[in-house]
Amino acid sequence: MLVEISSATEFLVNLLRLSSFSSELNHEQLVMFRGSLSNVLQSRYREHWFPLKPNKGSAYRCIRINNKMDPVIAQAGAAIGIPPEFLRKMFPCELTVWIDPSEVSYRIGEHGSICTLYESKKTKEESLNFPPPRQSPELYHDPRQYEQVDPMVDYIY
């Protein structure tokens, strides 16, 4: 969850940095906003994070800015003294960010393309840090017993 949240918060802070109003926020305020947003998202997603069913709760984890500011971003800004109205004018008019287990993506504009910010290459089991399956001794085979196969040789079936 922390990697996905970090990816999303970095993206949102970079959008603020690229805004035409970026001169109105200093570096320290951007760092504070990133930390505040990260804390709000961690608290919000704690009970809504399902690595084995990443689509479950996806709508709850979606950050959406359209005609109004997303309450999660407003809460993060208010915690450090940045008014929601000010943040609203700094973000694109239409922005959607999906923060799901193993993937973070976004779309700018109602009909824009969906772009991936982060995608885990791990399997679901690896992302949960499950230990590898145990093998009983009778199932263990010494890999040195198998002959080497040349992958460049064509096989006829």
Side-chain angles (χ1 to χ4, degrees), residues 1-136 139-140 143 151:
M1 175 170 60
L2 296 178
V3 173
E4 291 89 345
I5 288 174
S6 176
S7 176
T9 56
E10 284 297 321
F11 171 71
L12 292 168
V13 167
N14 283 334
L15 285 178
L16 292 176
R17 224 180 247 123
L18 295 172
S19 165
S20 58
F21 298 100
S22 64
S23 62
E24 297 180 40
L25 286 179
N26 62 38
H27 177 73
E28 184 179 298
Q29 289 173 307
L30 291 172
V31 170
M32 287 176 25
F33 177 74
R34 179 188 309 121
S36 178
L37 182 58
S38 181
N39 290 337
V40 169
L41 292 175
Q42 287 178 48
S43 174
R44 181 173 170 85
Y45 296 169
R46 188 165 285 124
E47 301 298 322
H48 297 274
W49 197 258
F50 310 99
L52 293 177
K53 296 179 182 177
N55 291 331
K56 182 178 179 181
S58 183
Y60 183 80
R61 293 185 305 268
C62 177
I63 294 175
R64 180 90 170 105
I65 298 173
N66 49 17
N67 295 325
K68 57 183 179 174
M69 175 56 72
D70 188 285
V72 170
I73 293 178
Q75 180 183 355
I80 61 166
I82 301 174
E85 305 79 34
F86 179 75
L87 285 172
R88 176 64 194 94
K89 73 178 184 178
M90 293 187 73
F91 282 109
C93 296
E94 295 279 342
L95 173 67
T96 307
V97 180
W98 294 276
I99 305 169
D100 295 320
S102 301
E103 184 176 53
V104 178
S105 53
Y106 72 96
R107 179 182 66 205
I108 296 177
E110 191 61 35
H111 304 289
S113 298
I114 296 174
C115 302
T116 302
L117 290 170
Y118 168 80
E119 186 175 53
S120 172
K121 302 297 181 206
K122 294 180 180 180
T123 65
K124 291 177 186 174
E125 289 79 16
E126 289 173 330
S127 67
L128 291 175
N129 296 323
F130 286 143
R134 295 173 65 190
Q135 293 183 341
S136 61
L139 294 177
Y140 176 76

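These numbers were taken from a predicted model, which means no experiment stands behind them. The analysis underlying the following values was restricted to heavy atoms, covering all of them including side chains, and did not include hydrogens, waters or symmetry mates.
A donor-acceptor pair under 3.5 Å links the side-chain atoms of Gln29 to the main chain of Asn26, judged by distance alone. Side-chain atoms of Ser36 come within 3.5 Å of backbone atoms of Ala76 as a donor-acceptor pair (strictly under, hydrogens ignored). Checking side-chain atoms of Arg44 against main-chain N and O of Asn39 turns up no donor-acceptor pair under 3.5 Å.
Listed here is the closest heavy atom pair of Ser7 and Leu117: OG-CB, 3.7 Å. Scanning both residues, Val104 and Ala8, for their nearest heavy atoms gives CG1-CB, 4.1 Å. The minimum heavy-atom distance between Glu4 and Asp100, with the atom names listed, is CG-O, 3.4 Å. Between Ile108 and Pro92 the shortest heavy-atom distance is CG2-CB, 4.0 Å. Contact detail for Tyr60 and Tyr45: the closest heavy-atom pair is O-CE2, 4.3 Å. Closest heavy-atom contact between Gly112 and Arg107: O-CD, 3.2 Å.
Below 30°, between 30° and 60°, or above 60°: for Phe50 and His48 the angle between ring planes is above 60°, a perpendicular geometry.
The distance from the CD1 atom of Ile65 to the CE atom of Met90 is 11.5 Å, given to the nearest 0.5 Å. Between atom OG of residue Ser102 and atom OH of residue Tyr118 there is a gap of 6.0 Å, rounded to the nearest 0.5 Å. Rounding to the nearest 0.5 Å gives a distance of 9.5 Å between CD1 of Ile73 and CZ of Arg88. Note: Gln75 CD to Leu37 CG = 9.5 Å, rounded to the nearest 0.5 Å. Here CG of Leu12 is found 5.5 Å from CD1 of Ile63. Values are rounded to the nearest 0.5 Å. How far CD of Glu24 is from CD1 of Ile82: 11.0 Å, rounded to the nearest 0.5 Å.
Defined by atom type and a distance below 3.5 Å, a donor-acceptor pair is missing between the side-chain atoms of Ser6 and Glu10.
In this structure, Trp49 and Ile99 have side chains that are in contact, with non-hydrogen atoms separated by less than 4.5 Å. Here the side chains of Pro83 and Met69 are not in contact, with every heavy-atom distance at 4.5 Å or above. Contact check for Leu16 versus Leu87: side-chain heavy atoms found under the 4.5 Å cut-off. Contact of the Phe11 side chain with the Leu95 side chain is registered, since non-hydrogen atoms from C-beta on lie closer than 4.5 Å.
A salt bridge is defined here as a Lys NZ or Arg NE, NH1 or NH2 lying under 4.0 Å from an Asp or Glu carboxylate O, and Arg64 with Glu110 meets this definition.
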Is there a side-chain contact (heavy atoms from CB on, under 4.5 Å) between Asp70 and Phe91 once you walk through the steps? CA-CA 11 Å; Asp70 188 285; Phe91 282 109; over 6 Å; no
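Residues passing the ring-ring contact (aromatic ring centres under 6.0 Å, His included) test with Phe86, sequence neighbours excluded: none.
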